[in-house]
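Owing to the predicted nature of the structure, the values given are computational and were not obtained by experimental measurement.
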Amino acid sequence: MTAIETNAPELLRPVADDVRETTEIGRFLGRLERERGLTFEDYASLHRWSVDDPEAFWSAIAAYFGVRFATPPERVLGRREMPGAEWFPAATLNYAEHAVGLLDTGADDAEVAVLAYSQTRDRQELTWGGLRAQVARCRAGLERLGVGRGDRVVAYLPNIPETLVAFLATASLGAVWASCAPEFGARSVIDRFGQIEPTVLLAVSGYGYGDKAIDRRAQVAEIRAGLPTVEHVVHVAYGPDELPDALSWDELLAESGDLAFDPVPFAHPLCVLFSSGTTGKPKAIVHSHGGILLEHLKNHGLSWDLQAGDRILWFSTTAWMMWNALVSGLLVRASIVMIDGNPLHPDLRWQWRLAAETGATLMGASPGYLMACRAEGVRPAREFDLSAVRQIGAAGSPLPPEGYRWVADEFGPGVLLNVGSGGTDVCSGIVQGSPLQPVWVGEISGPCLGVDAQAFDEQGEPVVGELGELVITTPMPSMPVGLWGDADGTRYRDTYFDRYPGVWRHGDWVRFSAWGGAVIAGRSDATLNRGGVRLGTAEFYRVVEELPEVVDSVVVHLEDPAGGNGELQLYVQLREGTALDDALRRRISTALRTELSPRHIPDRIEAVPVVPKNRTGKKLELPAKKILLGAALDDVASRDVLADPTSLDPFVALARGRT
């Protein structure tokens, strides 16, 4: 192992003295000591045990969170090799039972389970009892439509309670769920849903986005025409319009039914999540009942410190894995806040207002949102009563050091800033924080429990203190059971195990520090190779976007086939009224040279109207690069997956100029 020792960054928040008495991970440590005779001094020793002895760790997770096996497992880990690791062989269970099943007598029936806010209709709430009743009715309705184990139910729905109910009802039957947000265009939806050949489609005719009414009837008609296997369409009333030739949501839920949960094998498909589709046809990633159940119980309880009576607010659409993570708050009997619409309408403060109104204990946000609040002078903890908040979560892209300090200044040491990174592929975090880990400025606190995350160099050797490929060397339950339609597993192996046999390659560029922290430097396929030295994109953005004139930026590197430095190009989105002149170009170059190195100085700096991103906020360096190298836009990204459908057009024009 190569190790480069450097000085630790600024310690933002040490581990609290009372962590073992006041947090879920502390209580987990106590249980391990009492029942298994295992004592761990700190997070590092707990993590090492969790990856060195995965059978003991994951059996302890199942026991601690009371996983209800209909058929007990023969053992924890059968086949251990990757790909193809076999978890809890012979066991049966059901995810939905753990989300809404009665624990004892239904004493929580009158307590609120779901609060829903949108820009289409008034606030809604569901109690646990009401949620259970609707799931039972929806299950009965799906059964009347002929839905059974293994059938696919798909949803063109926003983040609303009906979507949650339909998902849990589908899971209760052992059917397979997939969803797309209604802002996606028909072609993108068909590219996704068409792979899994659904029999039932749930859809809305439109929705409100800020102060705009969005009509989706034409898109639904096109989706129906493009999915020949669909036998039934269910219209969820959301807005004023109707869908023709569709069963209404009320009709689907017209008859009562039993709250039942069909036991399925641990690896039985629960849902299909889709990759972004910005670098090729979206992958249909199959996640299992048991894998998501175990992973989310561990994540939500031990990392996010959620427990019964807590409340999670984290804006997401139904096309992002954070929707699945939000829904899984129910697994630990926390209530959830569902938000639909424009997250910045009527202003940046809306999400903080909702956190105050709902008494959220975990507030999740994108780093871009936190940095925008910082830039605009929002003072959330001073403007709103956020005294219930114990954690601020951040995921989706790297959070610059200034963002760490802003959260600490606003909320003080009593609130844990938990920055994480993971992805759709594992439907959870790979690196993040927890109450048992310190927080360092500019660094994620470390690998998640049960995740043997490391950085590998090109020879497949682990490195510390320098950038490398983010890999996982030990299986974890929420790794996909496969890709839909990939019968022999070829595409699955080519996606995750192409470079290091038997080792999962995630596709991120990461640096792990000697003291345990991690820095995600961007996607490894978008890293910049300057004369043989690889540079991460995230550090560029941290420097450039601190300049007052710059709103956003994207950097690409066009390699020199002869092995030279190539051409480093930086594209900036400027504040209104700002022009990109030679003086500003010099300021940008000077900042990069001073704070990073001379290698980071771009060969070209240009202004663009908007930086290309997908709908979850990830910058699209690779599609922009491919276009600049001559690829057609339609071959590298569908406009439907772009946050702004026109954002790649300037790169098409620039490519014409290059040729």
Audit row: Tyr95, Trp177, ring pair (Phe, Tyr, Trp, His ring centres under 6.0 Å) steps and yes/no:
CA-CA 12 Å; Tyr95 170 96; Trp177 173 266; over 10 Å; no
Are the side chains of [X] and [Y] in touch, meaning some heavy atoms are under 4.5 Å apart?
X	Y	value
His296	Cys427	yes
Trp87	Pro54	yes
Pro343	Tyr369	no
Tyr43	Val15	no
His289	Asn94	yes

With no hydrogens and no angle check, do the side chains of [X] and [Y] hold a donor and an acceptor under 3.5 Å apart?
X	Y	value
Thr473	Asp452	yes
Tyr64	Glu35	no
Ser335	Arg311	yes
Trp314	Ser316	no

Taking the six-membered ring for Trp, is the centroid-to-centroid distance between Phe88 and Phe69 below 6.0 Å?
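Yes, close enough.
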Expected output: side-chain Tyr404 to main-chain Glu443 donor-acceptor under 3.5 Å
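Indeed, once roles are kept as given, a pair shorter than 3.5 Å links the two residues.
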Check this for me: does any side-chain nitrogen of one of Glu545 and Lys619 sit under 4.0 Å from a carboxylate oxygen of the other?
yes
Would you call Arg374 and Asp409 a salt bridge, using N to O less than 4.0 angstrom?
no
Could you walk me through whether Phe411 and Trp352 pass the ring pair (Phe, Tyr, Trp, His ring centres under 6.0 Å) test, one step at a time?
CA-CA 13 Å; Phe411 290 92; Trp352 298 114; 5.7 Å; yes
